[in-house]
Amino acid sequence: MLLVLSPYNLLIHCEAIINMENSSEKCNFEGNKELNASTITVGGIYDMLLDSINHEDTRSVVRLGRVDPTDNPLFRTTTVAVDAITRAVHSFNFNCYPPTVGLPEAKRAVADHLTSNLPHKIISPENVFLTIGGTQAIDIILPSLARPGANILLPKPGYPHYELRATRCLLEIRHFDLLPERGWEVDLDSLEALADENTVAIVFISPSSPCGNVFTYEHLKRVAEIASKLGIFVISDEVYAHVTFGSKPFVPMREFSSIVPIVTKIIDNLEITSDPTTIVQASIPGILEKTTDDFHSNNLNILREAANIFYDGCKEIPCLTCPHKPEGAMVVMVEINFSQLEGIVDDVQFCTKLAKEESVILFPGVAVGLKNWVRVSLAVDLSDLKDGLSRIREFSLRHAKMS
């Protein structure tokens, strides 16, 4: 087997054809059987569900399981971003590798953006490390904290890549619960019991994905105080920082940096990771400076309407319970009531049969740490959301347990 890294950054698999008729040699290579994309990745599970679709169904597929707003023209990228990247390309000044830790002007723009509403400039450009999306940030942070015998506290439910990466770098995973009956707040009482002298960090996702809630200032402060008492870092995942559309405002964890260390800079691994393309980094200052509030408010209005439609529509589906109207991020968790259903025993079977019978894709909760729930995306066309809810209701009634 020959693995070739092409100029297009694609890993090409080439079989080496070896005449072994008169040789006892053989390749000492076996694939890692644990790395099965259909069972460990969000994309793999999504593809598995797409394979369950009945292609004789002439209706369009309603994709409520995939959180990718760029698929939807309603959430089209601002033209400010297109213009900024076009200018960077046409300048011919950024056809090179960037500095290892990022372009200074991009780092400065990010630092200014993150501290624009804070009384003190607690983040300097030197504290900013640019990554290729949130996944690469996780891939850098967790191995940097790993050591023999160490453990990390992860939310349940949470984002699957944290668990995947922690497992790969031999960090023991300890889950703390998010409580649906309390609006998905952290089970604070369990945090101290989970941690010990080998606990290195707690991961906190705010606003919460996949739960769709926004944490209050008081609750975040309590998390920071407990982490400080335990002597551990807080890894604050704020990918959806500006995606709040309910009554609670987003509060950045960095407001509590005087109480507890917040991971803002990674020193290890910088020389062995890829950097975001120079052209994209060069576009960051213009995008952050010129994107208007109207662009964000329009997206939030769409998500707010989607949240209302879903929350009200879910009440008409007997087997589903939405304990908390979503107020942030782009997703919501919904519990399946199997006492209402005949012949369906878990969330994976529910999602697979729904895909096959109604061409509706939901994401099984077991993949985000909460078995027998489903995760639903709100980043869809509102007409598709209504259609999907209608089909789920028909599915629920068809499989209803007879009294």
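When reading the values below, keep in mind they use all heavy atoms of this one structure, side chains included, and skip hydrogens, waters and symmetry mates.
Inter-residue side-chain proximity for Phe94 and Val280 is flagged as unmet; no heavy-atom pair is nearer than 4.5 Å. Side-chain contact between Pro155 and Ile205 is present, with at least one heavy-atom pair separated by less than 4.5 Å. At least one side-chain heavy atom of Phe256 sits less than 4.5 Å from a side-chain heavy atom of Val251. Between Ile152 and Leu154 there is a side-chain heavy-atom pair separated by less than 4.5 Å. Within the 4.5 Å cutoff, no side-chain heavy atoms of Lys386 are placed close to those of Ser383. Using a 4.5 Å heavy-atom cutoff, the side chains of Leu171 and Val200 are in contact. At least one side-chain heavy atom of Val223 sits under 4.5 Å from a side-chain heavy atom of Leu188. Looking at Thr135 and Tyr159, their side chains come closer than 4.5 Å, going by heavy atoms from C-beta outward.
Residues Glu238 and Arg254 are paired through a salt bridge, judged by an N-O separation under 4.0 Å between the basic side chain and the carboxylate. Comment: Arg222 engages Glu225 in a salt bridge, judged by a side-chain N to carboxylate O separation of less than 4.0 angstrom. Under a 4.0 Å N-O distance rule, the pair Arg398/Glu357 qualifies as a salt bridge. Classification of Glu126 and Lys107 as a salt-bridged pair fails, no side-chain N sitting under 4.0 Å from a carboxylate O.
With a 6.0 Å radius and a threshold of 12 heavy atoms from other residues, nucleotides or ligands, Arg59 has its CZ atom above the threshold. Residue-environment remark: OH (Tyr240) exceeds the threshold of 12 foreign heavy atoms within 6.0 Å. The local environment of NZ in Lys371 is crowded, with over 12 non-hydrogen atoms from other residues, nucleotides or ligands closer than 6.0 Å.
Atom SG in Cys319 sits 7.0 Å away from atom CD1 in Ile317 (nearest 0.5 Å). Here the SG-CG distance, from Cys314 to Leu320, works out to 5.0 Å after rounding to the nearest 0.5 Å. Atom CZ of Arg66 is separated from atom CG of Leu49 by 12.5 Å, given to the nearest 0.5 angstrom. Atom CG of Leu178 is separated from atom CG of Asp187 by 9.0 Å, given to the nearest 0.5 angstrom. Atom CG of residue Asp346 and atom CZ of residue Phe338 lie 6.0 Å apart, to the nearest 0.5 angstrom. Atom-to-atom distance recorded for Ser247:OG and Glu327:CD is 4.5 Å, nearest 0.5 angstrom.
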Which is it for Phe363 and Val368 under the side-chain contact (heavy atoms from CB on, under 4.5 Å) test, yes or no, and what are the steps along the way? CA-CA 9 Å; Phe363 200 75; Val368 294; 4.1 Å; yes
May I have the step-by-step check of side-chain contact (heavy atoms from CB on, under 4.5 Å) for Val332 and Cys211, ending in yes or no? CA-CA 5 Å; Val332 59; Cys211 301; over 6 Å; no
Using side-chain contact (heavy atoms from CB on, under 4.5 Å), reason through Thr291 and His296 one step at a time and then give a plain yes or no. CA-CA 8 Å; Thr291 299; His296 296 294; 3.7 Å; yes
With side-chain contact (heavy atoms from CB on, under 4.5 Å) as the criterion, how do Met333 and Val374 come out once you've worked through the C-alpha distance, each side chain's angles and the decisive distance to 0.1 Å? CA-CA 6 Å; Met333 292 296 292; Val374 290; over 6 Å; no
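Annotation: side chain to side chain contact (heavy atoms under 4.5 Å, CB included) contacts of Ser52 (sequence neighbours excluded): Thr352, Ala355. In this structure, the side chain to side chain contact (heavy atoms under 4.5 Å, CB included) partners of Asn72, at least two apart in sequence or on a different chain, are Leu74, Phe75, Asp381. Evaluation of the side chain to side chain donor-acceptor pair (under 3.5 Å) rule for His219 yields no partner, not counting sequence neighbours. Partners of Asp196 by side chain to side chain contact (heavy atoms under 4.5 Å, CB included), not counting sequence neighbours, listed by chain and number: Asn151, Arg174, Asn198, Thr199. With sequence neighbours left out, His113 forms a ring-ring contact (aromatic ring centres under 6.0 Å, His included) with His242.
The backbone N or O of Gly365 lies less than 3.5 Å from no partner atom in the side chain of Arg375, so there is not a single donor-acceptor pair. In this structure, Ser228 contributes its side chain and Ala224 its backbone to no donor-acceptor pair below 3.5 Å. Panel note: side chain Ser283, backbone Ile279; a donor-acceptor pair is recorded below 3.5 Å. Put simply, the side chain of Glu305 never gets that close to the backbone of Asn301: no donor and acceptor are under 3.5 Å apart. A donor-acceptor contact shorter than 3.5 Å links the side chain of Asp237 to the backbone of Val239. In this structure, the side chain of Thr244 does not engage the main chain of Gly328 through any donor-acceptor pair within 3.5 Å. With Ser377 contributing its side chain and Ala379 its backbone, the two residues share a donor-acceptor pair below 3.5 Å. Formation of a donor-acceptor pair under 3.5 Å by the Thr115 side chain with backbone atoms of Ala111 is found in this model.
In terms of heavy-atom proximity, Leu378 sits nearest to Pro326 at CD1-CG, 3.7 Å. Of all the heavy atoms in Phe215 and Trp184, the pair that sits closest is CE2-O, 3.4 Å. Of all heavy-atom pairs spanning Gly102 and Leu130, the tightest one is CA-CD1, 4.4 Å. The two residues Arg391 and Glu358 have their closest heavy-atom pair at NH1-O, 2.8 Å. Contact detail for Leu103 and Thr278: the closest heavy-atom pair is CD1-O, 3.8 Å. The two atoms that bring Pro276 and Pro98 nearest to each other are O-CG, 3.8 Å, heavy atoms only.
Sequence neighbours left out, the pairs with a member in residues 310-326 that pass side chain to side chain donor-acceptor pair (under 3.5 Å) are Asn308-Lys325.
Here the rule is side-chain hydrogen bond (donor to acceptor under 3.5 Å, both in side chains) with Ser359, and of Asn54, Asp57, Asp387, Thr58 only Asp57 fits it.
The six-membered or imidazole ring of Phe176 lies away from that of Phe204, with a centre-to-centre distance of 6.0 Å or more. Aromatic ring centres of Phe350 and Phe395 lie closer together than 6.0 Å.
A side-chain donor-acceptor contact under 3.5 Å links Glu163 and His175. Looking at Asp294 and Thr292, their side chains never bring a donor and an acceptor atom within 3.5 Å of each other. A donor-acceptor pair shorter than 3.5 Å can be found between the side chains of Asn127 and Ser124.
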